[in-house]
Protein chains: 2
Amino acid sequence: MALSAKKEGFVHLLDSAAMITSNNRKGLGPGRPVATTHGEIEQAAFRLFAERGFDGTTMAAVAQAVGVGRRTLFRYYESKNDIPWGQFDRTLDNFRTILDEMPEELPLHQAVHRAVLRFNEFPPDAQPPHRERMTLILRTPTLQAHSVLRYGDWRAVIAEYVARRQGLRPDDVMPQMVGHVSLALALTAYERWLEQPAASLQDLLDECMRQLRDYLTD
Amino acid sequence: MALSAKKEGFVHLLDSAAMITSNNRKGLGPGRPVATTHGEIEQAAFRLFAERGFDGTTMAAVAQAVGVGRRTLFRYYESKNDIPWGQFDRTLDNFRTILDEMPEELPLHQAVHRAVLRFNEFPPDAQPPHRERMTLILRTPTLQAHSVLRYGDWRAVIAEYVARRQGLRPDDVMPQMVGHVSLALALTAYERWLEQPAASLQDLLDECMRQLRDYLTD
DNA sequence: TAGAGTAATGGCACTCAGCGCCAAAAAGGA
DNA sequence: TCCTTTTTGGCGCTGAGTGCCATTACTCTA
């Protein structure tokens, strides 16, 4: 019951709309009400990560900052590594929708590429915090490692789409390959994006795709 | 001093030749002689991993199996996750050599592709244990995650080669992209290889490359 | 052959992530 | 007020990883 952080105020970047629906039983129905929210935890955690670094921040410290028990923290996030990713699974639902909305007439590679572009569009004011989040994820070795699991989910979404359009199974070579390569391009673009605050993610993604074509065609 | 495992007998698959030179001061020079070798540790560890699973095997158990102190184990391998990778850095030296030996006349993408093929060639008798090792690495979530760091080193080798041939810096978009995409293809091929014991790694790598071309050309 | 020097060993104690267990807290409803 | 429901959070454990340091087991030299 220590001094708790302010409620809300930090909208989950990867998840702006979905945030509202999450944690919706703040008092409805029977049972003890929740003591915190994902947003609140992330707000406190990101502040500490910025101050002491990711590895230098203990879960106990985050718990104290949020004003909640350490044990409770582990009910909101499976692990410390999961905090920076927020509720990525919701974001993936969005990605699925984007892919499904791509016109069937569009050649497969264009459909996938455009969907990836679309998926990485953010309103201007959401960019700085998103960059902060991605810097943490892409530059912290511990998180780099853990992120593979998230990337795997992301790839699976693409593989499923490709498989459906091609009449294949998601675990066939072609869908898997497209998932892997799409991720490769996205990661290349993101790493560049962190170093060049000026460039847009979309332009960088386009450039990576162009470079890949150049590379492959003699 | 418990019952220690037999010396040698398990040649590091990713590292057959280099193995001999490692741990060469088994009594030379002053100071206490080493109590074990990387090979010995891996042999014991892989046996336990097979029996109880990776997560079900504690470092204490490995230490006991080797007949060495737990503390000593951490001097041979930075972490439990590093054991399955063996001395991958030596293997990377080999990869560098392979790339450097590629004829300059060869188009860049062919040079890289052939080098990757070459890098993944193993004598027939080395295949079963190599498959076992890769199964462990690619199918154990904990290891999947940790492997990114190794992949990063692998990508760096490619990026350096591409940068040199193109007169660019290794951290430019093009070299980075080639590194990422090459890894993407390799991982796709490896995953397939684990499921299809019959197919050769080379054929699968070729097929992945072919699929990528098909995918990109309308 | 008795040190002297050297380098690896391994025990101890510590931090921290993560998890199972369970009593207590805090709501709503009868 | 009591019962039901659900979350909380404290306690205690396992296991990875690390710093510290005395001990061990060699080689070399006088």
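Every chain is numbered from 1, with letters handed out A, B, ... down the list of sequences. Since the model is a prediction, treat every value here as computed from it, not as a measurement.
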- Message: Could you check whether the side chain of R70(A) and the base of dG18(C) have a donor-acceptor pair of N or O atoms closer than 3.5 Å, going by distance alone?
- Response: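 Counting by modelled atom types and ignoring angles, a donor-acceptor contact under 3.5 Å is found here.
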
- Has the side chain of R71(A) got a donor or acceptor atom sitting under 3.5 Å from an opposite partner on the base of dG20(C)?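 A donor-acceptor contact between them is present.
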
Closest approach to the side chain of [X], judged atom by atom: which nucleotide of [options] is it?
X	options	result
T72(A)	dG9(D), dG10(C), dG17(D)	dG9(D)
K80(A)	dT9(C), dG18(C), dC26(D)	dG18(C)
M59(B)	dG9(D), dT9(C), dA16(D)	dA16(D)
P30(B)	dG20(C), dT9(C), dG5(C)	dG5(C)
Y76(B)	dA25(D), dT8(D), dT9(C)	dT9(C)

- Task: Indicate the ring-plane relationship of H130(B) and F122(B), choosing parallel, tilted or perpendicular according to the 30° and 60° boundaries.
- Result: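 Taking F122(B) first and then H130(B), their aromatic rings sit tilted (interplane angle of 30° to 60°).
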
- Between dA17(C) (P) and L143(A) (CG): distance, integer Å: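 Interatomic distance, CG of L143(A) to P of dA17(C): 13 Å.
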
- To the nearest angstrom, the CG-P distance between L48(B) and dG15(D) comes to 14 Å

- Message: Classify T58(A) by what it touches in the nucleic acid, base, sugar-phosphate, or nothing, heavy-atom distance under 4.0 Å.
- Response: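 It contacts sugar-phosphate atoms only.
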
- Would you indicate what T142(A) reaches in the nucleic acid, counting non-hydrogen atoms under 4.0 angstrom: base, sugar-phosphate, or nothing?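 Counting heavy atoms under 4.0 Å across all strands, no contact is made by T142(A).
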
- Item | Comparing S79(B) and R75(B) on DNA chain D - which has the more 5′ nearest nucleotide | S79(B)

- Item | D82(B) side, atom CG; F74(B) side, atom CZ - distance, nearest 0.5 Å |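 Rounded to the nearest 0.5 Å, the CG-CZ separation comes to 10.0 Å.
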
- Task: Answer yes when R164(A) and E160(A) have at least one side-chain N-carboxylate O distance shorter than 4.0 Å, and no when they do not.
- Result: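 Answer for the salt bridge query: no.
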
- For the side chain of T72(B) and the backbone of V68(B), is there at least one donor-acceptor N/O pair under 3.5 Å apart?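 The answer is no, because no donor-acceptor pair under 3.5 Å joins these two groups.
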
